[in-house]
Amino acid sequence: MSASDTTTATAPPLPAPRDKHLRRMADTIRALSMDAVEAAKSGHPGMPMGMADIATVLWSQFLKFDPAEPHWPDRDRFILSNGHGSMLLYSLLHLTGYADMPMSELKRFRQLGSRCAGHPERGHADGIEVTTGPLGQGIANSVGMALAERLLATRYGKELVDHYTYVFCGDGCLMEGISQEAISFAGYLKLSKLILFWDDNHISIDGPTDLARHEDELERFDASGWHTQRIDGHDTDAIADAIRKAQQDERPSMIACRTIIAFGAPTKANTAAAHGSPLGKEEIAGARQRLGWTDPPFVVPADMVEAWRKVGERCKADSAAWRERLAKSNKRAEFAAEQAGEIPKAAKDALAALRAKFAAEAPKTATRQASGSVLDAIAPVLPALIGGSADLTPSNNTKAKSQKVLTPPDYSGSYIHYGIREHGMAATMNGMAAHGGIVPYGGSFLVFTDYCRPAIRLAALMKLRVIFVMTHDSIGLGEDGPTHQPVEHLAALRAIPHLQVFRPADAVETAECWELALAHVDRPSILALTRQPVPGLRKDAGENRSARGAYVLAEADGGARQITLLATGSEVGIAMTARDRLAAKGVAAAVVSMPCWKLFEAQDKAYRRHVLGNAPRVAIEAATEFGWNRYLGERGKFIGMHDFGASAPIEALYPHFGITAEAAVDAALSLI
Ligand SMILES: Cc1ncc(C[n+]2csc(CCOP(=O)(O)OP(=O)(O)O)c2C)c(N)n1
Ligand SMILES: [Mg+2]
């Protein structure tokens with residue numbers, strides 16, 4: 001008797017398949033997943049083996065997709081929120097004939113440069129709608145996708161936009177707090193075309209899920225206004241029946257699918273051991289024997305190649321018919337431009353005109369208010385713009401006068417009250433941006449970027465144009481005190497690759513930063529805006545000077561700098577006052593405004609040298625020093641926060657923390 005015979009002999013028999021052909025199709029996914037994880041010597045075989053039957057039914061009978069047209073805008077969206085089961089998705093993409101997913105990629109699962117990364121990464125291969133892995137994010141992304149579908153269907157009609165969003169999630173996704181925000185919000189939004197499959201396998205990493213949870217998930221979804229069903233996740237008839245019922249219901253749907261993790265594995269099925277490690281040679285041999293799978297690793301038998309290819313061709317006619325409808329539509333050009341992420345000329349012009357007005361008037365205003373004026377100017381001419389706030393609309397100035405509030409099931413509004421769900425809002429915006437055709441922005445206080453950070457990070461990793469309007473950006477917010485005063489947040493956000501952190505100094509810079517956030521389709525932006533009024537410093541409107549990240553706002557009188565004052569946002573005004581006072585003392589100082597470090601770092605060396613100059617530097621920012629040493633070096637001095645803030649009127653806080661023109665002057669004098 002071989003080792004696999006021993007393990008198989010003790011394993012309980014597999015439940016008989018409802019449909020032998022569908023089971024064999026699912027077993028193809030199981031075999032590939034076992035093989036790829038084994039070859040990589042790492043990965044997660046349990047989930048793909050457990051959810052293979054659900055995926056087979058969904059993809060072969062319901063999912064609207066065309067591997068030959070992977071970007072078909074009206075395709076159904078499929079999101080794997082439990083991204084550790086990535087081999088499920090890669091197997092499906094390979095089997096259904098996505099050109100960029102040959103078997104050679106599956107064989108290189110988890111290797112450097114492979115399309116098959118450990119967790120699915122948007123941009124690595126067609127058919128990967130969003131990057132998942134941080135549990136729960138995918139659920140909120142799917143809410144954004146389903147919402148985007150409703151918004152676009154309202155504008156373009158069913159003939160161009162009419163698709164479902166399907167999301168797979170596990171116990172982990174549902175235990176994460178973000179799931180509650182997403183579930184509650186989706187129920188409120190009445191997203192009838194959102195269908196969630198819960199991999200109810202009673203297992204996570206530490207063992208059985210009853211180690212850590214005992215609530216009734218169906219009741220939780222039910223309480224939020226979802227349609228719920230409970231099925232055997234290996235019964236292909238029950239799966240198909242549940243999907244049909246879910247499609248017919250007016251509410252978002254949750255299907256609790258009781259599954260066995262690592263279905264087929266003789267000893268590791270139904271155990272945490274199958275979650276995140278290769279099964280091992282013996283266990284795989286046993287699983288192959290029980291499943292009746294006789295082909296060697298990475299070999300798909302001819303009948304299964306054919307069956308799955310047919311699945312990939314199922315919607316060819318649909319996708320061709322859709323393209324014909326688009327070709328005949330009088331909204332064709334607008335639809336295509338929005339899908340490509342273009343900003344219409346009218347919106348660019350409106351923003352340019354506002355910039356010119358700001359430059360002419362140099363208003364003393366809070367940058368959050370200037371941002372509100374930007375939105376008033378562009379919202380009427382940028383229909384793809386979908387705004388909102390996490391219950392801080394009057395503080396964030398995020399609602400443009402022309403915007404109508406979204407009132408589901410009427411999706412004609414373009415302003416969303418996200419409720420107090422910052423994390424959910426951010427991840428929902430990621431989903432909308434990833435869907436395409438939408439330019440999402442959303443507001444909260446800068447300090448609460450902490451509550452959205454995992455989603456902000458993923459927006460950056462996915463290179464999505466999501467705009468975070470984060471106001472009350474320093475101690476300048478005053479009386480609300482240190483719980484609400486960001487100090488380390490600018491540093492923490494600047495540390496995220498690809499994320500543009502903008503901290504405009506006045507109305508003109510605010511308009512410039514908005515222009516840049518909109519223009520850069522391939523990255524998210526944070527606009528850190530003041531609560532308090534700041535002086536109008538810029539009186540020129542031609543060139544977008546913020547585009548270079550930092551620039552000389554005021555050169556030293558006479559040109560020969562003795563000191564360079566670096567500042568961002570509300571502290572640029574303080575730097576300008578310090579410059580005047582230094583001039584009165586005969587000291588020539590330049591002021592450099594630095595609205596976006598990342599854009600400045602992207603400039604050539606000569607420009608950076610020219611801006612920073614050779615004179616000693618003083619940096620002024622009402623935040624912690626972390627990161628400023630790159631500009632200050634050994635010699636420079638920092639005027640800013642060295643601890644948390646305090647609750648008091650703004651007039652008391654700046655002097656209390658020593659963030660004043662006098663302090664900057666003293667620092668400058670000590671350096672020359
Ligand atoms: C936010 C987050 N926390 C922790 C992890 C690490 N992790 C990956 S999978 C997992 C357990 C998930 O359990 P479940 O969803 O039930 O997956 P299953 O074992 O059933 O496949 C954990 C803790 C993660 N990926 N994301
Ligand atoms: Mg589980």
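Just follow the structure's listing: the first ligand is 1, and inside any ligand the first atom is 1.
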Using non-hydrogen atoms of the residue, decide whether Asn82 is closer than 4.0 angstrom to ligand 1.
no
Counting heavy atoms only, name the option from Glu176, His202, His44, His275 that's nearest to atom 3 (N) of ligand 1.
Glu176
Provide the number and element of each atom of ligand 1 under 4.0 Å from a heavy atom of Met47.
21 (O)
Using 30° and 60° as the class limits, which term best fits the ring planes of His163 and His435: parallel, tilted or perpendicular?
parallel
Which segment of Ser204 sits under 4.0 Å of ligand 1 when only heavy atoms are counted:
both
Relative to ligand 1, is Thr209 under 4.0 angstrom through side chain, backbone, both or neither, heavy atoms considered?
neither
Residue Glu250 excluded, over 12 heavy atoms near CD under 6.0 Å
no
Residue pair Phe78, Trp59: steps toward the ring-ring contact (aromatic ring centres under 6.0 Å, His included) verdict:
CA-CA 9 Å; Phe78 176 76; Trp59 281 58; 5.3 Å; yes
Under 4.0 Å from a heavy atom of Asp171: which atoms of ligand 1 are those, numbered in the order shown and with their elements?
14 (P), 15 (O), 16 (O)
Taking all atoms of both residues into account, what is the closest heavy-atom pair of Ile128 and Arg115, and its distance?
CD1-O, 4.4 Å
Locate the shortest heavy-atom distance separating Ser204 from Ala272; write the atom from each residue and the value.
O-CB, 3.3 Å
Is the shortest side-chain N to carboxylate O distance from Lys463 to Asp522 below 4.0 Å?
no
Name of whichever N/O/S atom of Asp171 is nearest to the Mg ion (ligand 2):
OD2
Any non-hydrogen atom of Gly46 lying under 4.0 Å from ligand 1?
no
